[in-house]
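Because the structure is predicted, anything quoted here is derived from the model rather than measured.
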Amino acid sequence: MFRTFMIIFSVIGVLFVNYAAGDGTVSPASAAQAVTYPIVDTGQSACYDNQNAITCPAAGQTFYGQDAQFDGNQPSYTLNGDGLTVYDNVTGLTWTQSPDWDDDGDINVDDKFTFSEAQAYPATLNAMSYGGYSDWRLPTMKELYSLMDFRGTDASGPNPTNLTPFIDTTVFDFGYGDESAGERIIDAQFWSSNVYLGTVFGNQTCAFGLNLADGRIKCYPSNSSGPQSKLNYVYFVRGNTAYGSNNFSDNGDGAVTDNATGLMWSQDDSGAGLNWAEALAWVEQKNAANYLGYNDWRLPNAKEMQSILDYNRAPDATNSAAIDPVFNITPITNEAGQVDYPCFWTGTTHVDYTGHGSTGVYISFGRAMGYMNNTWMDVHGAGAQRSDPKSGDPADYPTGHGPQGDAIRIYNYVRLVRDAETTASTPTATPTLTATPINGALNDPVYLPLILGGSSSTPSATPTATPTTTPTATPTTTPTTDAGYNLFAPIGSTNTYLIDETGATVYTWTSSYRPGLSVYLLADGNLLRTGNVGASTFNTGGAGGIVQEITPDNTVTWEYEYSNSLVRQHHDIEPLPNGNVLLIAWELKTEAEAIAAGRNPSLISDEDALWPDHLIEVNPTTDTIVWEWHVWDHLIQDYDNTKPNYGVVADHPELIDLNFTLNTKADWNHINAVDYNAEFDQVMLSVHNFSEIWIIDHSTTTAQAAGHSGGDSGKGGDLLYRWGNPQSYDAGSADDQQLFVQHDAEWIPSGYPGEGNILVFNNGQGRSDGNYSSVDEIVPPVDDAGVYSLTTGSAYEPTVPTWSYTAATPTDFYATNISGAQRLSNGNTLICDGPNGDFFEVTSDKETIWSYDYDGGVFRVTRYAADYAGLPVQ
């Protein structure tokens, strides 16, 4: 799904406005219990009987002890004045403020994601340092549930009116379902990162999400290619990575303390199902009996009860309830006759849009059953939160209720909770943010065009967040696959993984940085890895800033930072045979400099600057730049004959048209890959925003590379060859364009089928026949001396690739950004669908014979032969 948005702000300082629940006063962060996982109160302040709101009862009266009668950590948020982010003063989490991801002012179906898109999108935010941060993630279900506000009203029902979402809309932007697109008003579900270990609807994989229109947690089909795939909204989160992680201690006396939340629980449950009024009364009986030596037990509210769920457990997968085994839980027989586990009442009432409170909230620690296709099955997953009548007879609902035939659970179990006496670290203090405009922008369409604000609490240059999962998918293989090991660095991770043919992770390197973006395994066994240093003068897609060499024992033996107010490394590097390293980097050209060079002023971006690319070659032994090449030294322009570089663009294909642009963003070239050809001593660049590949002479000195003569080619640093979009040098039309915002152009190595040819991942955004990706192999018109032929007045050949891989139905394979391809020694091609983290190996006949799904954004993957000297597994 194509998503872009522009958020512009021009403030020197940031205005913060504090919001809190109830009367509008702010509960200070210090009011939260000093724990790592403070539970945010539900916000419910009204008491209810089995139907309606009532005056809150006194101890000993019916319905005493419900949610509204206990004060917890009241919701308290700090809204950043730029409108991008919200800080939760209780949890220490920072949230994206709006799910309006196309920034059209409407929150509707166009802003929704498939689950795989939601998983991949934090990489986009992190590449942009969105809001000044580069550690965004898809929230866990426990993180997401911290936003749940039970002052909301359920929008289910005919012609609902006077609706209140289950989230604080004075702070967060929110949208109901897009009825104009055929959705229901209640289709306001938000993805979490938690994948259910079981299946729903018989065989559907699913991921948990929170519906902020009807106030429930359910597991939604998550296979984006499946017939029942789901589109949901998303809020992304960062900070307090400990949030949602329990720390249980068995007290040895029938109680369990969660040191993370500061709550003490009864180890045993009620042993039988009770209706809601009976559940409240049972708690009072336990207090009267001084159960386990305490008389201040309560029926937990919805968020407290949900806090002890274990989303890594499920009856179908672990033969257990979705709860830590430190707790005892009474087994039941469910509606399908299966051994299962009960739902547990909470003290929270679920209020409908009429204001009635006839249903109570419960949490499913076993299968959340429903009656569909004439049979009972799990429809919402162990870990769901639903609501059912507080009283009545379940037999009145023999086939459940609602579109999924939800089983009606009126007699649910009870587990006691009380506040433990704990001390721990205080929550992170509210950040003091300042925002200043920066020159960041982008041209890669999946990266967000933002003007971002800096922050005095901006993440340091050494972010430490780690991926939520380690790769575990099992690939399919056949005997014809090219044996070896696959190296990749997920964009959202600080880890680098090496996996074998079975998909097993055989080695992991750790870093202080997320990639920026490429990674290589050197022949001596060390890892050469880029890193994203975080906020900088220029932030846009692919930003990095540092290169490190890391030993197999994770010792950094060399690092080179190239990021300041004037330059920044990005995307790719290339280790050279002489031990040096080539880096792609941006360099600042002011508006005045750009116009003085012949840039059309109307093409100057809102950032009042241009950031063209250059290359540097660094000697790791001396930490010196020993060679460099700059786009800015090889310009042509036909806009202003009073300025330098003026000429006829079509007469100079060796030069770069200063006014060729697909947009007016500061990131003019956006080179995303560099490769080296030792035979010819040439360098190839993938130039995203020109939809071209360029080849230049590396045999030059730096002085020669800045001019138009010298080196083996005799052409200095001018382009020796370019291909993909002859419009860029006035040698063709749109009909002649072959590449479309491509990535990972590389020469096929000597000795491999197709040796000397060029392989490129053609992302395909903007093709006239629809958006789809291909992997293209071209035969460049080059002789044995490395000289490229060109007929005067024509475009460089070839006119079409010699081999291409597409899906059988081309539009079924479309990677909007990143991604790559590698020719293997047996003639097969390893392909990386970057946004989805899908790797697959295809034969020359385009048969897929191996696949692996990381399920997260990956810049590219590289296969190393089983006998490669640098493998740490040898």
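- Distance alone, capped at 3.5 Å, places no donor-acceptor pair between the S511 side chain and the N495 backbone.
- Among residues two or more places apart in sequence or in another chain, the ring-ring contact (aromatic ring centres under 6.0 Å, His included) test is passed with Y196 by F208.
- Within the 3.5 Å criterion, the main-chain N or O of P515 finds no donor-acceptor partner in the side chain of T530.
- Between N828 and S844, every side-chain heavy-atom pair lies at or beyond the 4.5 Å cut-off.
- Side-chain N or O atoms of N526 include none that pairs as donor or acceptor with a backbone N or O of E549 at under 3.5 Å.
- Taking the six-membered ring for Trp, F236 and Y130 have ring centres at least 6.0 Å apart.
- In this model, a donor atom of one side chain and an acceptor atom of the other lie less than 3.5 Å apart for T555 and D553.
- Qualifying side chain to side chain donor-acceptor pair (under 3.5 Å) partners for T199, counting only residues two or more places apart in sequence or in other chains: none.
- Between the side chains of D572 and Y520, at least one donor N or O sits under 3.5 Å from an acceptor N or O.
- Between W723 and P798 there is a side-chain heavy-atom pair separated by less than 4.5 Å.
- With R823 as the fixed residue, the salt bridge (Lys or Arg N to Asp or Glu O under 4.0 Å) test singles out one of E777, E841, E755: E777.
- Taking CG from L720 and OG from S713, the interatomic distance works out to 4.5 Å, rounded to the nearest 0.5 Å.
- M684 has its side chain within reach of I693: a pair of non-hydrogen atoms, C-beta onward, lies under 4.5 Å apart.
- Under the 3.5 Å distance criterion, with hydrogens and angles disregarded, a donor-acceptor pair is assigned to the side chains of W627 and T700.
- Among residues two or more places apart in sequence or in another chain, the ring-ring contact (aromatic ring centres under 6.0 Å, His included) test is passed with Y805 by F813, F840.
- Judged by distance alone, with hydrogens and angles left aside, the side-chain atoms of N762 form no donor-acceptor pair with the main-chain N or O of S774 at under 3.5 Å.
- No donor-acceptor distance shorter than 3.5 angstrom exists from the side chain of D776 to the backbone of S804, with no hydrogens or angles considered.
- Partners of W586 by ring-ring contact (aromatic ring centres under 6.0 Å, His included), not counting sequence neighbours, listed by chain and number: F538, H570.
- Side-chain atoms of N672 and S686 form a donor-acceptor pair, as typed in the model, at a separation below 3.5 Å.
- The OG1 atom of T829 sits 9.0 Å away from atom CD of Q822, with the distance rounded to the nearest 0.5 Å.
- In the model, Y676 has a side-chain atom that pairs as donor or acceptor with a side-chain atom of D681 under 3.5 Å.
- There is no side-chain donor-acceptor pair under 3.5 Å between D697 and W629.
- Remark: Y560 engages no residue in a ring-ring contact (aromatic ring centres under 6.0 Å, His included) (not counting sequence neighbours).
- In this structure, the ring of Y788 has its center no less than 6.0 angstrom from the ring center of Y796.
- Within the 4.5 Å cutoff, the side chain of L487 has no heavy atoms near those of the Y497 side chain.
- The cationic group of R238 lies under 6.0 Å from the six-membered ring centre of Y133 and within 45° of the ring axis, placing it in a cation-pi geometry.
- Between the side chains of R137 and S193, no donor-acceptor pair of N or O atoms lies under 3.5 Å.
- Under the 3.5 Å distance criterion, the side-chain polar atoms of N669 are matched with a main-chain donor or acceptor of D613.
- Annotation: Y864 is not in aromatic contact with Y485 [ring centroid separation under 6.0 Å not met].
- Remark: side-chain polar atoms of W694 are not paired, donor with acceptor, to backbone N or O of V687 under 3.5 angstrom.
- Using the six-membered ring where Trp is involved, H571 and H743 have ring planes that are tilted, between 30° and 60° apart.
- Among residues two or more places apart in sequence or in another chain, the salt bridge (charged side-chain N to carboxylate O under 4.0 Å, His left out) test is passed with E692 by R722.
- With R767 contributing its side chain and Y772 its backbone, the two residues share a donor-acceptor pair below 3.5 Å.
- A donor-acceptor pair is defined here as one N or O able to donate and one able to accept, closer than 3.5 Å; no such pair exists between the side chain of S134 and the backbone of N126.
- Looking at N771, its side chain does come within 3.5 Å of a backbone N or O of G766 through a donor-acceptor pair.
- D784 CG: 12 or fewer foreign heavy atoms inside a 6.0 Å radius.
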